[in-house]
**Student:** 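Attaching a single structure in structure tokens format; questions to follow.
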Amino acid sequence: MLPYPKFAILLFSGLTFSGSQAQNGIAEKLGYPKNSKLLIIHADDLGVSHSENDASIKAMERGSVNSASIMVPCPWFPEIAAYARKYGSKQDLGLHLTLTSEWTYYKWGPVSPVDAVQSLVNSDGYFYASVDSLVANARPEEVETELRNQVKKALAAGIDVTHLDAHMYAARSTEDFLKAYIKTGREFQLPVLLSRDEEFMNTVTLKNNDVVVDHLFQAFPEDYDTGMDYYYKTLLQHLEPGLNCLLVHTAFDDAETRAMTIGHTYWGARWRQQDYDFFTSEECRELLKENNIRLITWRELRDGIVRQ
């Protein structure tokens, strides 16, 4: 079982550099030249484990990762919330809105009272392991309730939330879920991660202050098999102008991560260590410089576009 649904692989697998134009005016609105190559290097899954938190913080403080998102329902949320309270003004921390619990022995459930979101949980009271199971069972109004409560819990914990995105793309996996996801972002005046290639984008009426990413990237199993360094180097060398977002997963290949991801070669401990190694490397820094790539944050998009 892959941690990401098949439709996401079809949409985003591999490197797609074909020709969409930069989002109209977004670079200029942020004070950059029109044809800038804007990039958010974004670490997913903070809060899932201590190793994920530790590696991701180091990758932001010492490396080229410049944004991350937090899984509010997960066991190590209190640790990353404490970090966010102390250093949040210096970091770009959003929420990785979570509706699934994919690992074999490591589980979590909703932050909402279970009786309020009964359709989101299995017989053991956990989120479903797959997006397919979520889609087959979840009521859209209960998805919306849980998404809203995750944002409320993060804000109550003192996190200066900069944006929202979707773990395993689950909150974007049906037309109704996507609308609940966008509605939640608008309610809290937060940008939500949307791609021009979004499966249900033609069902959504966008507003002037909605943010849509021109190119959304992440490595998939075939890229891991070919070599992660090759994937990331090629991506940075061929990045197009516009608003780009690269999703990575930084953790250490240690006993905790190996136990958490047991039975999963893909998106597992070795994969996450390789992400950490590349995005804390001098080679990555040099590639960004050589290819005139400007790192920007969701905070800039929130404050410069969504809340204007």
**Student:** Using modelled atom types only, decide if a donor and an acceptor are shared between the side chain of Arg302 and the backbone of Val161 within a distance under 3.5 Å.
**Tutor:**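 Pair found, side chain donor or acceptor close to backbone of Val161.
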**Student:** Please check: side-chain N/O of Glu146 versus main-chain N/O of Leu120, any donor-acceptor pairing under 3.5 Å?
**Tutor:**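 No; judged by distance alone, with no hydrogens or angles, the pair does not exist.
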**Student:** Using modelled atom types only, decide if a donor and an acceptor are shared between the side chain of Ser36 and the backbone of Pro33 within a distance under 3.5 Å.
**Tutor:**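 Yes, the answer is positive, given that a donor and an acceptor are paired below the 3.5 Å cut-off.
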**Student:** Quick check against the 3.5 Å criterion: does Tyr128 have a side-chain atom that pairs as donor or acceptor with the backbone of Val121?
**Tutor:**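 Answer holds: yes.
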**Student:** Give me the one residue out of Ile26, Asp210, Asn208 that meets side chain to side chain contact (heavy atoms under 4.5 Å, CB included) with Ile305.
**Tutor:**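 By the side chain to side chain contact (heavy atoms under 4.5 Å, CB included) criterion, Ile305 pairs with just one of Ile26, Asp210, Asn208: Ile26.
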**Student:** Please name the residue in the list Leu147, Asn149, Val143 that meets the side chain to side chain contact (heavy atoms under 4.5 Å, CB included) test with Thr145.
**Tutor:**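 One option only clears the test, and that one is Asn149.
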**Student:** Between His249 and Glu52, is any side-chain donor less than 3.5 angstrom from a side-chain acceptor?
**Tutor:**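 Absent: no donor and acceptor within the cut-off.
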**Student:** Give a yes or no answer on whether the side chain of Thr234 reaches the backbone of Tyr230 with a donor-acceptor pair at less than 3.5 Å.
**Tutor:**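 Yes.
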**Student:** Among Ile80, Leu95, Thr250, exactly one meets side chain to side chain contact (heavy atoms under 4.5 Å, CB included) together with Leu46. Which residue is that?
**Tutor:**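 It is Ile80; the other options fail the test.
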**Student:** Which atoms form the tightest heavy-atom contact between Val48 and Trp76, and what is the distance?
**Tutor:**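 Heavy-atom minimum between the residues: O-CD1, 3.9 Å.
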**Student:** If you compare all heavy atoms of His167 against all heavy atoms of Asp45, which two are closest, and at what distance to 0.1 Å?
**Tutor:**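 Closest heavy-atom pair between His167 and Asp45: ND1-OD1, 3.6 Å.
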**Student:** So, Ser101 side chain and Phe127 main chain: donor-acceptor pair closer than 3.5 Å or not?
**Tutor:**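 No: the side chain of Ser101 does not pair with the backbone of Phe127.
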**Student:** Do Phe188 and Leu164 make a side-chain contact, defined as non-hydrogen atoms from C-beta onward lying under 4.5 Å apart?
**Tutor:**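 No - every pair of side-chain heavy atoms lies 4.5 Å or more apart.
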**Student:** Under 4.0 Å between a Lys/Arg side-chain N and an Asp/Glu carboxylate O for Glu175 and Lys179?
**Tutor:**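 Between Lys179 and Glu175 there is a salt bridge, with a charged N closer than 4.0 Å to a carboxylate O.
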**Student:** Show the nearest heavy-atom pair for residues Val111 and Pro73, with the distance to one decimal.
**Tutor:**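 Nearest pair, atom of Val111 first, then Pro73: CG1-CA, 3.9 Å.
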**Student:** Hey, are Glu187 and Arg148 close enough for a salt bridge, meaning a charged N less than 4.0 Å from a carboxylate O?
**Tutor:**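 Between Arg148 and Glu187 there is a salt bridge, with a charged N closer than 4.0 Å to a carboxylate O.
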**Student:** Identify whether the distance between the nearest side-chain nitrogen and carboxylate oxygen of Arg270 and Asp277 falls below 4.0 Å.
**Tutor:**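 So Arg270 does not pair with Asp277 through a salt bridge.
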**Student:** Relative to each other, are the rings of Tyr224 and Trp271 parallel, tilted or perpendicular (30° and 60° limits)?
**Tutor:**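 Judged by the thresholds at 30° and 60°, the geometry between Tyr224 and Trp271 is parallel.
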**Student:** Are side-chain heavy atoms of Leu97 and Val151 found at a separation under 4.5 Å?
**Tutor:**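 The answer is yes; the side chains approach within 4.5 Å.
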**Student:** Go through it in stages, so that I can follow the logic: the residues are Arg172 and Glu199, the test is salt bridge (Lys or Arg N to Asp or Glu O under 4.0 Å), and I'd like the CA-CA distance, side-chain angles, deciding distance and then a yes or no.
**Tutor:** CA-CA 8 Å; Arg172 296 153 49 189; Glu199 186 174 10; over 6 Å; no
**Student:** Would you check, one step at a time, whether the test ring pair (Phe, Tyr, Trp, His ring centres under 6.0 Å) holds for Trp103 with Tyr126?
**Tutor:** CA-CA 11 Å; Trp103 305 115; Tyr126 301 123; over 10 Å; no
**Student:** Testing the basics here: between Ala84 and Ile159, what is the closest heavy-atom pair and its distance to 0.1 Å?
**Tutor:**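 Where Ala84 meets Ile159 most closely, the heavy atoms are CB-CG1, 3.9 Å.
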**Student:** Assess the residue pair Asp197 and Leu216 against the criterion (side chain to side chain contact (heavy atoms under 4.5 Å, CB included)); give the C-alpha distance rounded to whole Å, side-chain angles, the decisive distance to 0.1 Å, and a yes or no.
**Tutor:** CA-CA 8 Å; Asp197 294 325; Leu216 177 62; over 6 Å; no
**Student:** State whether a side-chain donor-acceptor pair under 3.5 Å links Asp223 with Tyr232.
**Tutor:**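 No, because no side-chain N or O of Asp223 sits under 3.5 Å from a partner of the opposite role on Tyr232.
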**Student:** Looking at Phe200, I want to see if its CZ is surrounded by more than 12 non-hydrogen atoms of other residues, nucleotides or ligands under 6.0 Å.
**Tutor:**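 Enclosed.
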**Student:** Show the numbers, then the answer: is there a salt bridge (Lys or Arg N to Asp or Glu O under 4.0 Å) between Asp160 and Arg299?
**Tutor:** CA-CA 9 Å; Asp160 180 19; Arg299 185 186 299 280; 2.7 Å; yes
**Student:** Tell me yes or no: between the side chains of Tyr83 and Asp54, is some donor less than 3.5 Å from an acceptor?
**Tutor:**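 Tyr83 vs Asp54: no donor-acceptor pair found between side chains.
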**Student:** Does Gln189 offer a backbone N or O that forms a donor-acceptor pair with the side chain of Arg307 under 3.5 Å?
**Tutor:**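 Yes: the side chain of Arg307 pairs with the backbone of Gln189.
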**Student:** Do His50 and Glu256 have a side chain donor and acceptor closer than 3.5 Å?
**Tutor:**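 Checked: His50/Glu256 side chains show no N/O donor-acceptor pair below 3.5 Å.
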**Student:** For residues Tyr32 and Glu300, is any side-chain donor paired with an opposing acceptor at under 3.5 Å?
**Tutor:**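 Their side chains do contain a donor-acceptor pair, which is all the 3.5 Å distance test asks for.
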**Student:** Can any side-chain N or O of Gln218 pair as donor or acceptor with the backbone N or O of Val248 at less than 3.5 Å?
**Tutor:**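 Between the backbone of Val248 and the side chain of Gln218 there is no qualifying donor-acceptor contact (under 3.5 Å).
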**Student:** For residues Ile41 and Tyr276: do they belong to one hydrophobic cluster (side chain heavy atoms under 4.5 Å, members Ile, Leu, Val, Met, Phe, Trp, Tyr)?
**Tutor:**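 Per the 4.5 Å side-chain linkage, Ile41 and Tyr276 are not co-clustered.
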**Student:** Between the main-chain N or O of His264 and the side-chain N or O of Thr261, is there a donor-acceptor pair closer than 3.5 Å?
**Tutor:**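 No, Thr261 side chain to His264 backbone: no donor-acceptor pair under 3.5 Å.
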**Student:** I need the minimum non-hydrogen distance between Ser119 and Arg139, along with the two atoms involved.
**Tutor:**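 Reported closest heavy-atom pair: OG-N, 2.9 Å.
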**Student:** Is atom CG of Asp124 surrounded by more than 12 heavy atoms (other residues, nucleotides or ligands) closer than 6.0 Å?
**Tutor:**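 Yes, the 6.0 Å shell around CG holds more than 12 heavy atoms from other groups.
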**Student:** For the pair Asp44 and Asp165, evaluate side chain to side chain contact (heavy atoms under 4.5 Å, CB included) and give the outcome as yes or no after the intermediate values.
**Tutor:** CA-CA 9 Å; Asp44 286 351; Asp165 57 71; 4.3 Å; yes
**Student:** What are the two closest non-hydrogen atoms of Gly304 and Leu30, and how far apart are they?
**Tutor:**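 Closest heavy-atom pair between Gly304 and Leu30: CA-CD2, 4.4 Å.
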**Student:** Under a plain distance cut-off of 3.5 Å, with no hydrogens placed, do Ser51 and Asp254 share a side-chain donor-acceptor pair?
**Tutor:**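 Yes.
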**Student:** Have Thr297 and Ser67 got a donor and an acceptor in their side chains that come within less than 3.5 Å?
**Tutor:**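 Note: Thr297 and Ser67 side chains miss the donor-acceptor criterion.
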**Student:** Above 12 or not: heavy atoms from other molecules or residues under 6.0 Å from CD1 of Ile262?
**Tutor:**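 Not more than 12 within 6.0 Å, no.
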**Student:** If you apply the rule ring pair (Phe, Tyr, Trp, His ring centres under 6.0 Å), what do you find for His42 with His163, and how did you get there?
**Tutor:** CA-CA 11 Å; His42 186 277; His163 68 285; 5.0 Å; yes
**Student:** Do Gln237 and Asn291 have side chains that approach each other closer than 4.5 Å (heavy atoms only, starting at C-beta)?
**Tutor:**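 Result yes, sub-4.5 Å side-chain heavy-atom pair found.
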**Student:** Fit a plane to each ring of Trp108 and Tyr106, take the angle between them on a 0 to 90° scale, and name the class: parallel (under 30°), tilted (30 to 60°) or perpendicular (over 60°).
**Tutor:**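 It falls in the perpendicular class, over 60°.
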**Student:** Would Lys58 and Glu61 pass as an ion pair if we require N to O under 4.0 Å?
**Tutor:**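 Glu61 and Lys58: not salt-bridged.
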**Student:** If you apply the rule side chain to side chain contact (heavy atoms under 4.5 Å, CB included), what do you find for Leu288 with Ser64, and how did you get there?
**Tutor:** CA-CA 9 Å; Leu288 293 169; Ser64 299; 3.7 Å; yes
**Student:** Quick one: are Val212 and Met201 in side-chain contact, heavy atoms under 4.5 Å?
**Tutor:**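 Sidechains of Met201 and Val212: in contact.
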**Student:** Are the side chain of Ser195 and the backbone of Leu193 linked by a donor-acceptor contact shorter than 3.5 Å?
**Tutor:**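 No, because the side chain of Ser195 does not come within donor-acceptor range (under 3.5 Å) of the backbone of Leu193.
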**Student:** Using a strict threshold of under 4.0 Å (side-chain N to carboxylate O), is an ion pair present between Arg272 and Asp253?
**Tutor:**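 Here Asp253 does not pair with Arg272 in a salt bridge, since their nearest N and O are not under 4.0 Å apart.
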